[in-house]
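Just so you know, residue 1 is the first one in the sequence shown, and it goes up from there.
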Amino acid sequence: MVSDVEMLERLVPPSGKDVVDVGCGGGALVRAMTERGARVTGVEISESQMAGAVEQDNGRGARYLVGRAERLPLGDASADIVVFMRSFHHVPRGLLGAALLEARRVIRPGGAVYVAEPLAEGDFFELTRLVEDEVEVRAAAQAALAEASRAGLEPATTVDYDVPILLDGMTALRARVLAADPGRASRFDERSAELASAFQRLGEPGERARERRFLQPMRADVLLLAS
């Protein structure tokens with residue numbers, strides 16, 4: 001069991017590198033990589049989606065740009081590492097290949113594309129699929145990665161790992177689910193009773209009264225420029 005950041009640091013050390021975080025959301029990964037000595041650009045689809053990240057930058061020097069995975073607002077060979085942290089399956093299915101092509105365009109010779117994706121299995125997936133069932137989109141993401149050679153990329157490393165998730169009650173669960181997509185709010189609220197029951201049934205008790213502990217199975221892929 002490791003954190004997403006620990007696995008990333010193990011497989012593609014970001015220190016001293018130009019790194020792009022595609023789908024940066026609230027900027028947690030951008031801040032973590034900046035603290036580890038990387039020069040980071042966060043990309044999100046709208047200014048509103050990245051507003052929290054910009055507000056929390058606090059002079060760290062990260063750059064934030066509006067753009068899409070299939071049309072990155074970056075020059076050719078301008079980054080050492082392009083990261084999709086739990087974001088690749090959010091790319092529309094018909095554009096997954098285009099997103100890999102864009103990542104390939106942006107990385108320099110000797111660079112890497114790093115994709116970490118949640119797998120459609122485990123107690124936490126069973127819980128969150130009550131709000132949105134991502135079986136098909138996650139399968140599509142894995143299928144696109146299996147065909148990365150079409151984008152001029154070749155697999156270098158694949159590692160499966162588990163990330164522990166501690167949630168202090170239903171409020172924490174709601175915040176986590178909505179962080180990926182605020183549009184899930186109505187669906188979450190409609191099924192709140194069913195979610196509360198599943199929250200108590202799945203996972204394991206945490207140290208505090210309302211806390212539950214889950215494991216999220218993950219898969220990290222490192223892709224390099226095809227030789």
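- In this structure, Leu8 is not a member of the same hydrophobic cluster as Val113, with clusters built from ILVMFWY side-chain heavy atoms closer than 4.5 Å.
- For Asp4 against Tyr114, the heavy-atom pair with the smallest separation is O-OH, 4.4 Å.
- Cluster annotation: Met7 is not connected to Val115 through the hydrophobic network of ILVMFWY side chains, with a link wherever side-chain heavy atoms come within less than 4.5 Å.
- Around CZ of Arg60, the count of heavy atoms belonging to other residues, nucleotides or ligands within 6.0 Å exceeds 12.
- Val82 is listed as a side-chain neighbour of Val22, based on a closest heavy-atom distance under 4.5 Å.
- Closest approach of Gly23 and Glu44 over heavy atoms only: C-OE2, 3.4 Å.
- For the pair Asp76/Val106, no side-chain contact is recorded, criterion being any heavy-atom separation below 4.5 Å from C-beta on.
- With a 4.5 Å cut-off on side-chain heavy atoms, Ile107 and Leu153 count as touching.
- Contact annotation: the side chain of Met218 never approaches that of Asp162 to less than 4.5 Å [non-hydrogen atoms, C-beta and beyond].
- Atoms CZ and CZ, from Phe125 and Arg138 in turn, are 5.5 Å apart once rounded to the nearest 0.5 Å.
- Criterion: ILVMFWY side-chain heavy atoms under 4.5 Å apart, direct or through other members. Under it, Val2 and Val5 are part of a common hydrophobic cluster.
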Is there a salt bridge (charged side-chain N to carboxylate O under 4.0 Å, His left out) between Arg213 and Glu207? Walk through the geometry before answering.
CA-CA 9 Å; Arg213 180 178 182 275; Glu207 295 181 358; over 6 Å; no
Just do the salt bridge (charged side-chain N to carboxylate O under 4.0 Å, His left out) check on Glu136 and Arg93 with the steps written out, would you?
CA-CA 10 Å; Glu136 292 185 3; Arg93 264 181 273 188; 3.6 Å; yes
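- Of all heavy-atom pairs spanning Ala53 and Tyr64, the tightest one is CB-CE2, 3.5 Å.
- Arg174 approaches Ala185 most closely through the heavy-atom pair NH2-CB, 3.7 Å.
- A single hydrophobic cluster is not seen to contain both Phe88 and Leu29; linkage of ILVMFWY side chains at heavy-atom distances under 4.5 Å, directly or through other members, places them apart.
- Between Arg129 and Glu132 no salt bridge is recorded (no basic side-chain N to carboxylate O distance below 4.0 Å).
- A donor and an acceptor atom, one from each side chain of Thr41 and Arg63, are located under 3.5 Å apart.
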Take Arg184 and Glu134 through the salt bridge (charged side-chain N to carboxylate O under 4.0 Å, His left out) test and state the conclusion after the steps.
CA-CA 13 Å; Arg184 295 170 174 170; Glu134 293 189 333; 2.7 Å; yes
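- For the pair Ala144 and Leu96, the tightest heavy-atom approach, listed with the atom from each and the gap, is CB-CB, 3.7 Å.
- A salt bridge links Arg36 with Glu9: the distance from a Lys NZ or Arg NE/NH1/NH2 to an Asp or Glu carboxylate oxygen falls below 4.0 Å.
- Remark: Ile165 CD1 to Arg176 CZ distance equals 4.0 Å, nearest 0.5 Å.
- The two residues Pro155 and Leu223 have their closest heavy-atom pair at CA-CD2, 3.8 Å.
- Glu121 has its side chain out of reach of Glu126: every pair of non-hydrogen atoms, C-beta onward, lies at least 4.5 Å apart.
- Taken to the nearest 0.5 Å, the CG atom of Leu127 stands 6.0 Å off from the CG atom of Leu195.
- In the hydrophobic clustering of ILVMFWY residues, with side-chain heavy atoms under 4.5 Å counting as a link, Val159 and Val222 come out together.
- A distance of 7.0 Å separates CZ of Phe214 from CG of Leu173, quoted to the nearest 0.5 Å.
- Arg212 is listed as a side-chain neighbour of Pro205, based on a closest heavy-atom distance under 4.5 Å.
- The closest donor-acceptor contact from the side chain of Arg150 to the backbone of Leu101 lies at 3.5 Å or more, if one exists at all.
- Other residues, nucleotides and ligands contribute over 12 non-hydrogen atoms within 6.0 Å of the CZ atom of Arg191.
- A salt bridge between Asp18 and Arg108 is present, with a side-chain N of the basic residue lying under 4.0 Å from a carboxylate O of the acidic one.
- Rounding to the nearest 0.5 angstrom, the gap separating the CZ atom in Arg210 from the OG1 atom in Thr171 is 6.5 Å.
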Dump the intermediate steps for salt bridge (charged side-chain N to carboxylate O under 4.0 Å, His left out) on Glu117 and Arg219, then the final yes or no.
CA-CA 5 Å; Glu117 278 288 297; Arg219 176 168 296 157; over 6 Å; no
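- At most 12 non-hydrogen atoms from other residues, nucleotides or ligands lie less than 6.0 angstrom from CD of Glu47.
- Note that CZ of Phe124 is 9.0 Å distant from CZ of Phe199, once rounded to the nearest 0.5 Å.
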